[in-house]
Student: 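Quick one: this structure, given as structure tokens, is what I'll be asking you about.
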Amino acid sequence: MRKILASAFIGATAVAAMGGAGIAVAGTHAPAAKTESFQMMTTSGTASTFSVIASGAFTAPGVDHESQSGNTATFVFPNGTVRLRHSAGTGQQSFNPKTCLLTINQHGTYALTGGTGSYAGITGSGKYQLSILAIGARNSAGKCSQTKAPVAFHQVINASGPVTLP
């Protein structure tokens with residue numbers, strides 16, 4: 001009788017162990033999404049590239065190459081690139097014609113559209129907040145110019161959302 005109980009126990013333990021191993025293997029097929037944050041910054045009102053820092057699922061310094069056509073961007077990091085498409089921002093903006101002060105606070109969404117190198121196969125999406133504070137140049141008549149580059153410009157974009165890396 002003890003031999004039968006021992007055999008049943010060993011058999012049940014083997015089945016449980018194999019079942020547990022099957023569960024562990026099944027869990028490794030789909031990578032879990034983690035939150036990734038991107039912060040872009042520039043002090044140039046005419047630049048098409050900005051500094052970007054990624055942190056969260058991965059941490060890397062990089063350069064943000066913006067393309068106004070199609071609201072797309074490519075983040076170039078040391079170990080690869082991340083491409084994204086973002087919505088046009090919505091929110092408040094104001095311009096003081098006496099002081100030439102421009103203030104913009106907008107928000108929107110983005111979706112990652114691919115990557116290369118370490119970021120090949122990256123997926124994800126999220127929300128962003130844009131803040132611009134600038135002082136416009138004055139023309140020869142002393143009026144605020146909307147055609148000259150601003151004399152001071154600060155732009156910060158904070159974006160965050162879940163990403164999945166294969």
Student: For residues Val151 and Gly136, report the shortest heavy-atom separation together with the two atoms involved.
Tutor: CG2-O, 4.1 Å
Student: Could you tell me whether the side chains of Thr116 and Thr81 share a donor-acceptor contact shorter than 3.5 Å?
Tutor: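 There is such a pair (donor and acceptor under 3.5 Å, judged by atom type) between the side chains of Thr116 and Thr81.
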Student: Would you indicate whether the side-chain heavy atoms of Tyr110 and Asn71 approach each other to under 4.5 Å?
Tutor: no
Student: Can you check whether Thr72 reaches Arg85 side chain to side chain, under 4.5 Å on heavy atoms?
Tutor: yes
Student: Are any side-chain N or O atoms of Ser87 and backbone N or O atoms of Thr109, one a donor and one an acceptor, separated by less than 3.5 Å?
Tutor: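 Flag set: sc Ser87 to bb Thr109 pair under 3.5 Å.
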Student: Would you please test Val63 and Thr74 for side-chain contact (heavy atoms from CB on, under 4.5 Å) and show each step?
Tutor: CA-CA 8 Å; Val63 177; Thr74 301; over 6 Å; no
Student: Less than 4.5 Å apart, side chain to side chain, heavy atoms only: is that true for Thr90 and His107?
Tutor: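 Sidechains of His107 and Thr90: in contact.
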Student: For the hydrophobic clusters of this structure (ILVMFWY residues joined by side-chain heavy atoms under 4.5 Å, transitively), does one cluster hold both Ile104 and Met40?
Tutor: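 Yes; Met40 is reachable from Ile104 via cluster members.
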Student: For Phe153 versus Ala134, what's the shortest heavy-atom pair and its separation?
Tutor: CD1-CB, 3.7 Å
Student: Got a sec: does the CD1 of Ile53 have more than 12 other heavy atoms crowding it under 6.0 Å?
Tutor: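 No, because the 6.0 Å sphere around CD1 of Ile53 holds 12 heavy atoms or fewer from other groups.
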Student: Kindly work out whether a path of hydrophobic side-chain contacts (I/L/V/M/F/W/Y, heavy atoms less than 4.5 Å apart) joins Leu165 to Leu84.
Tutor: yes
Student: Which heavy atom in Tyr119 sits nearest to a heavy atom in Gly80, and how many Å separate them?
Tutor: CD1-C, 3.7 Å
Student: Side chains of Arg138 and Cys144, heavy atoms from C-beta outward: is any pair under 4.5 Å?
Tutor: yes
Student: Which atom pair, heavy atoms only, marks the closest approach of Gly115 to Ile122?
Tutor: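 Here Gly115 and Ile122 meet closest at N-CG2, 4.2 Å.
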Student: Taking all non-hydrogen atoms of both residues into account, name the closest pair between Phe77 and Pro61 and its distance.
Tutor: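 What the structure gives for the nearest pair is CD2-O, 3.3 Å.
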Student: Could you state the interatomic distance from NE2 (His154) to CE (Met41), rounded to the nearest 0.5 Å?
Tutor: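 That separation rounds to 8.5 Å.
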Student: Starting from Leu102, can I reach Ile135 by hopping between I/L/V/M/F/W/Y residues whose side chains sit under 4.5 Å apart?
Tutor: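 No, because Ile135 and Leu102 fall into different hydrophobic clusters, even though each may have its own neighbours under 4.5 Å.
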Student: Taking all non-hydrogen atoms of both residues, which atom of Ser55 and which atom of Glu36 are closest, and how far apart?
Tutor: N-OE2, 3.0 Å
Student: Using the six-membered ring wherever Trp is involved, compare the ring planes of Phe38 and Phe75 and label them parallel, tilted or perpendicular (cut-offs 30° and 60°).
Tutor: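 Phe38 and Phe75: tilted rings.
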Student: With clusters defined by side-chain heavy atoms of hydrophobic residues (ILVMFWY) lying less than 4.5 Å apart, directly or transitively, does Phe58 cluster with Leu112?
Tutor: yes
